[in-house]
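Heads up: numbering here begins at 1 and tracks the sequence. Values reported hereafter were calculated over all heavy atoms of this structure, with side chains retained and with hydrogens, waters and symmetry mates removed.
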Amino acid sequence: MQISTYVIGGVVIILLLATVFWKFGKTKASREIGQDNRRLVTSLKDEKAISDIILNAIDDGVVLIDNQQIIRHFNQGAVDIVGWTNNEAIGLDWRSVFRFVDNKSQNIDDQEVPFTKASREKQTYRDSSVNLVSKSNKTIATSFSVSPLMDANQNITGLVGVFRDVSKERAEESQRAEFISTASHEMRTPVAAIEGYLSLALNEKVATIDTRARSYLEKAHSSTQHLGQLFQDLLTSAKAEDGRLTSHPQVVEIGDFLEKLASDLRFTAEKKRLSMQFMFGSDIHTVTSQETNSKVVRPLYYVSVDPDRLREVVTNLFDNACKYTDKGGVTIGLTGDDKVVQISVKDTGAGIPPEDIGHLFQKFYRVDNSATRTIGGTGLGLFISRKIIELYEGRIWAESTVGVGSTFYINLPRMSTQKAEQMMSISPDSIAPTITPTAQR
Ligand code: ADP
């Protein structure tokens, strides 16, 4: 939602408060005050008229709901979007007028809609991906901002909702995503063919080339790999945005999963002469080329995820840790409690400034420093990682100290051993298969 909406929201709250005070003043005035105060009443009436004019001139829908959930104000913008007239809506419970649905047109639970969320969290709630059903049963893409009104004791006395029809913007966004997705898909295919032929040319068993040609082809091969990864990332991020990311969740034991994954990841660390460690709970275990299996007795951490997708995320975090670290090492951690399994990837790199931390998981965001200027990247990896982790109702975040290093955390809902075993006995396929290095993002 644009800043203008928030400004409008602020103005609207002030105007509505003026209206409420005016109403209160009106009753009191008519009962208790006499002739002398008529001028005051007239001026308040003028203010109310001005408030109404302004509220009705705003394109955005504006609704005032009292603490009994009853609609007290419904401006012309709201009438235009929702299709209920002002007279029909005022005096009704907001749940009779506002129906929210998800992308599959299923009704959203009352507890999860903007009015309830703002009321529960006692702070302004904003959501630009809300679907509202109009009186004529048409689904409208809207952007919502709901602010609670509170008395001196922090009790909620009402809610002000400001909302806007964003159908056009959403349709344009989806066209853009469709274009990126089609273009990336079409370009990825020839790039994969070029990469394949370059690999063949570089294969001594298949082709004979001189040293100079080899060095040129190696460079071409590496650039083609970058390009292929970029198209793949663009495609995955477009899919993640419009909910088309495929996922086949299975029961996965994360300790076992991470140990197997480590043997693939080890090479990335070795290439940069970085050490690599495992940390199960507080037990540190060094991963060497001879041994990757931990002998530490540890709890079994079961989760329901697509192992290929989780592999993609951990690999991305690990690759980043190696990419942005010059000396020291990378530690993969696993811990948890009854409810949560926590994976961490910690490095001893340059760290990330605090002002960038909150933006890392946004699309195309790259920290602007000497490392990112010299090290290639797209700023899509962490965006894709967040989208994948959110598929499994998990959370991903980063903590970092400049000059010391960064740690990226993933929290996933833990499945009880009993439930995991039950699921695996029903469907043996629900056990995660051994991960193959060919599972690329
Ligand atoms: P990319 O690495 O392709 O630029 P990502 O989305 O994976 O994109 O990461 C976004 C940005 O976050 C990177 O450009 C980098 O600035 C920063 N970053 C990610 N991981 C680390 C890390 N381990 N240490 C320092 N900076 C990091």
Side-chain angles (χ1 to χ4, degrees), residues 1-6 8-9 12 58-65 69-71 73-86 88-90 92-121 123-148 158-181 237-247 361-363 383 386-393:
M1 194 190 293
Q2 292 86 351
I3 290 172
S4 64
T5 307
Y6 305 144
I8 290 170
V12 162
I58 296 173
D59 254 0
D60 290 9
V62 178
V63 58
L64 171 70
I65 296 167
Q69 316 295 323
I70 302 298
I71 295 176
H73 192 97
F74 201 74
N75 78 337
Q76 188 54 43
V79 172
D80 294 343
I81 296 170
V82 188
W84 291 72
T85 67
N86 186 283
E88 285 170 339
I90 291 178
L92 287 182
D93 187 303
W94 63 264
R95 284 163 287 213
S96 310
V97 175
F98 289 91
R99 186 155 75 85
F100 298 94
V101 291
D102 61 19
N103 289 337
K104 292 180 187 130
S105 301
Q106 297 296 312
N107 282 341
I108 294 180
D109 190 89
D110 278 350
Q111 291 307 309
E112 299 304 321
V113 306
F115 295 122
T116 324
K117 282 191 170 173
S119 181
R120 190 168 59 231
E121 289 162 19
Q123 60 182 5
T124 302
Y125 175 81
R126 298 182 180 107
D127 190 344
S128 51
S129 56
V130 176
N131 294 322
L132 199 58
V133 180
S134 72
K135 194 182 176 196
S136 59
N137 257 337
K138 198 174 142 215
T139 302
I140 304 155
T142 51
S143 172
F144 254 81
S145 165
V146 180
S147 302
L159 294 168
V160 177
V162 180
F163 54 103
R164 165 176 296 189
D165 183 342
V166 291
S167 316
K168 201 164 154 250
E169 286 92 326
R170 270 223 225 141
E172 282 168 3
E173 238 170 65
S174 130
Q175 271 175 0
R176 252 197 318 269
E178 188 59 41
F179 170 75
I180 292 178
S181 164
S237 66
K239 282 186 180 170
E241 274 181 310
D242 57 20
R244 283 186 297 129
L245 210 56
T246 52
S247 167
F361 297 90
Q362 289 167 3
K363 204 158 113 179
F383 170 75
R386 173 170 66 85
K387 288 288 185 185
I388 292 175
I389 294 302
E390 284 173 357
L391 275 183
Y392 309 115
E393 277 149 34

Approximate separation, where rounding is to 0.5 Å, of [X] [atom1] and [Y] [atom2]:
X      : Y      : atom1 : atom2 : answer
Asn137 : Arg99  : CG    : CZ    : 5.5 Å
Ile70  : Arg95  : CD1   : CZ    : 8.5 Å
Ile108 : Asn103 : CD1   : CG    : 8.0 Å

Any side-chain to backbone donor/acceptor pair from [X] onto [Y]? Under 3.5 Å, distance only.
X      : Y      : value
Arg120 : Gln111 : yes
Thr116 : Asp110 : yes
Asn75  : Asp60  : yes

### Query
Between Ser128 and Ser143, is a side chain to side chain donor-acceptor pair (under 3.5 Å) present by the stated rule, with each step listed?
CA-CA 4 Å; Ser128 51; Ser143 172; 5.1 Å; no
### Query
Testing Asn131, Asp165, Thr142 for side chain to side chain donor-acceptor pair (under 3.5 Å) with Arg170, which one passes?
Asn131
Should [X] and [Y] count as side-chain neighbours, where that means a heavy-atom distance under 4.5 Å?
X      : Y      : answer
Lys135 : Glu88  : yes
Val113 : Tyr125 : no
Val133 : Phe100 : no

### Message
What verdict does the side chain to side chain contact (heavy atoms under 4.5 Å, CB included) test give for Lys239 and Lys387, after you've listed the backbone C-alpha separation in whole Å, the side-chain angles of each residue and the deciding distance to 0.1 Å?
### Response
CA-CA 10 Å; Lys239 282 186 180 170; Lys387 288 288 185 185; over 6 Å; no
### Query
Do the rings of Phe144 and Phe163 sit parallel, tilted or perpendicular, given the 30° and 60° boundaries?
parallel
